[in-house]
Enquirer: 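One structure coming up, written as structure tokens, with questions to follow.
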Amino acid sequence: MTGPSPANAPVRILLCDDHAVVRAGLLALLDSAPDIEVVGEAGTGEEALALGAKLRPDVVLMDLQLGEGIDGVETTRRIASAPSPTPNVLVLTTYDTDADITRAIEAGATGYLLKAERPEELFAAIHAAAQGRTALSAPVASRVMANMRKPRPTLTDRERDILGQLAHGLGNREIAKALFISEATVKTHLGRIYDKLGVDTRAGAVAVAKEQRLLP
């Protein structure tokens, strides 16, 4: 991670959002803050990786859904796992599901902010992220705390087996073949797994399972 900027130096920001109108709005907003400087804009994850390596920003302001190419979570993971120094990643998104939050934080995001936040909250979160401190929107923090407090879901041995196959990227047909069961049975178990974990996607199930150490 990059170290904090020198005293009185503005926090250098790279914007990553696939909507040009959103980027323009954020650019105008951030330009109004004297201690924040936008040094680049990216419309895809691939652009963010290239510009991040070239511009060396303090913070990457990252959307989760980026259209074509890699998404914000994968982009965050690649930024966080690159050789130091690397920028800190502050997710700025409209999505606040448990699975999205878990995936982003596990990928290495320093903070997770919702686009509905007030400008001063965004500015404060950017400065916190630049210093490597966690910044979470209040609704996100509440969800994180609630998930930490709730008991871990109980999965059957078969559900754990299927979850393990999911984590390895196998499709329903491949899972059925590996476990000597029908595809219909796999789908039934997946539905139960999703219900127990509170998710609706395969990626979400794997993310929550890793967070709660449910994988075999």
Side-chain angles (χ1 to χ4, degrees), residues 1-7 9-18 22-23 26-27 29-30 33 35-42 44-66 70-148 203-204 207-208 210-211:
M1 298 294 178
T2 56
S5 298
V11 177
R12 303 173 72 254
I13 297 289
L14 171 63
L15 295 179
C16 183
D17 195 297
D18 63 330
V22 174
R23 292 201 308 274
L26 284 171
L27 182 59
L29 175 63
L30 295 174
D35 47 3
I36 294 174
E37 177 188 3
V38 178
V39 297
E41 300 177 49
T44 67
E46 288 82 357
E47 288 179 357
L49 292 174
L51 287 175
K54 177 182 178 181
L55 300 173
R56 299 292 185 183
D58 301 310
V59 175
V60 179
L61 206 55
M62 180 72 66
D63 192 15
L64 287 185
Q65 302 298 328
L66 297 176
I70 60 176
D71 66 5
V73 171
E74 179 58 26
T75 306
T76 297
R77 180 176 292 108
R78 295 188 189 185
I79 290 173
S81 61
S84 294
T86 59
N88 294 307
V89 177
L90 175 60
V91 170
L92 182 65
T93 184
T94 56
Y95 302 93
D96 65 347
T97 67
D98 292 348
D100 284 322
I101 296 168
T102 298
R103 290 178 64 223
I105 293 175
E106 287 206 334
T110 301
Y112 196 109
L113 218 64
L114 301 179
K115 288 181 177 177
E117 289 290 355
R118 295 172 300 172
E120 54 267 33
E121 296 292 340
L122 173 59
F123 298 157
I126 286 173
H127 284 284
Q131 297 170 12
R133 293 187 286 112
T134 301
L136 301 175
S137 285
V140 174
S142 296
R143 294 181 78 103
V144 170
M145 292 302 295
N147 284 334
M148 290 177 66
V208 173
K210 286 181 177 178
E211 177 197 26

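Side-chain atoms are counted along with the backbone in the values below, which use heavy atoms only and exclude waters and symmetry mates. Predicted model only: the values in this text are computed from it and were never measured.
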Enquirer: Using the test side chain to side chain donor-acceptor pair (under 3.5 Å), find all partners of E41 that sit at least two apart in sequence or belong to another chain.
Expert: R23
Enquirer: Kindly write out the residues that satisfy side chain to side chain donor-acceptor pair (under 3.5 Å) with K210, not counting sequence neighbours, or none if the list is empty.
Expert: none
Enquirer: List the residues meeting side chain to side chain donor-acceptor pair (under 3.5 Å) with Q65, not counting sequence neighbours, and say none if there are none.
Expert: none
Enquirer: Only pairs under 3.5 Å count here: list side-chain donor-acceptor contacts from residues 119-127, not counting sequence neighbours, and write none if there are none.
Expert:
| from | atom 1 | to | atom 2 | distance (Å) |
| --- | --- | --- | --- | --- |
| E121 | OE2 | R118 | NH2 | 2.9 |
| H127 | NE2 | D35 | OD2 | 3.1 |

Enquirer: Work out which heavy atom in L14 is nearest to a heavy atom in P57; give both atom names and the distance.
Expert: CB-CG, 3.8 Å
Enquirer: Quick one: does R56's side chain have a donor or acceptor within less than 3.5 Å of a partner on R12's backbone?
Expert: no
Enquirer: Using the side chain to side chain contact (heavy atoms under 4.5 Å, CB included) rule, take V60 and T75 through it: C-alpha gap first, then chi angles, then the decisive distance, then the call.
Expert: CA-CA 10 Å; V60 179; T75 306; over 6 Å; no
Enquirer: Side-chain contact test, heavy atoms from C-beta onward, threshold under 4.5 Å: evaluate it for T44 versus L66 and give yes or no.
Expert: no
Enquirer: Identify which one of L136, T134, L90 satisfies the side chain to side chain contact (heavy atoms under 4.5 Å, CB included) criterion when paired with Y112.
Expert: L136
Enquirer: Using side-chain heavy atoms (C-beta onward) and a distance below 4.5 Å, is T93 in contact with D63?
Expert: yes
Enquirer: Looking at residues at least two apart in the chain, or sitting in another chain, which of them share a side chain to side chain donor-acceptor pair (under 3.5 Å) with T97?
Expert: D100
Enquirer: Quick one: does any side-chain atom of N88 pair with a main-chain N or O of V59 as donor and acceptor, under 3.5 Å?
Expert: no
Enquirer: Would you say that L113 contacts S137 through its side chain, given a criterion of any heavy-atom pair below 4.5 Å between the two side chains?
Expert: yes
Enquirer: So, do V73 and L64 sit near enough that their side-chain heavy atoms are less than 4.5 Å apart?
Expert: yes
Enquirer: At what distance, to the nearest 0.5 angstrom, does CG of D17 lie from CE of M62?
Expert: 10.0 Å
Enquirer: Taking only residues two or more places apart in sequence, or in another chain, which ones meet D71 in a salt bridge (Lys or Arg N to Asp or Glu O under 4.0 Å)?
Expert: R103
Enquirer: If we only count heavy atoms from C-beta on, is the L92 to L26 side-chain gap below 4.5 Å?
Expert: yes
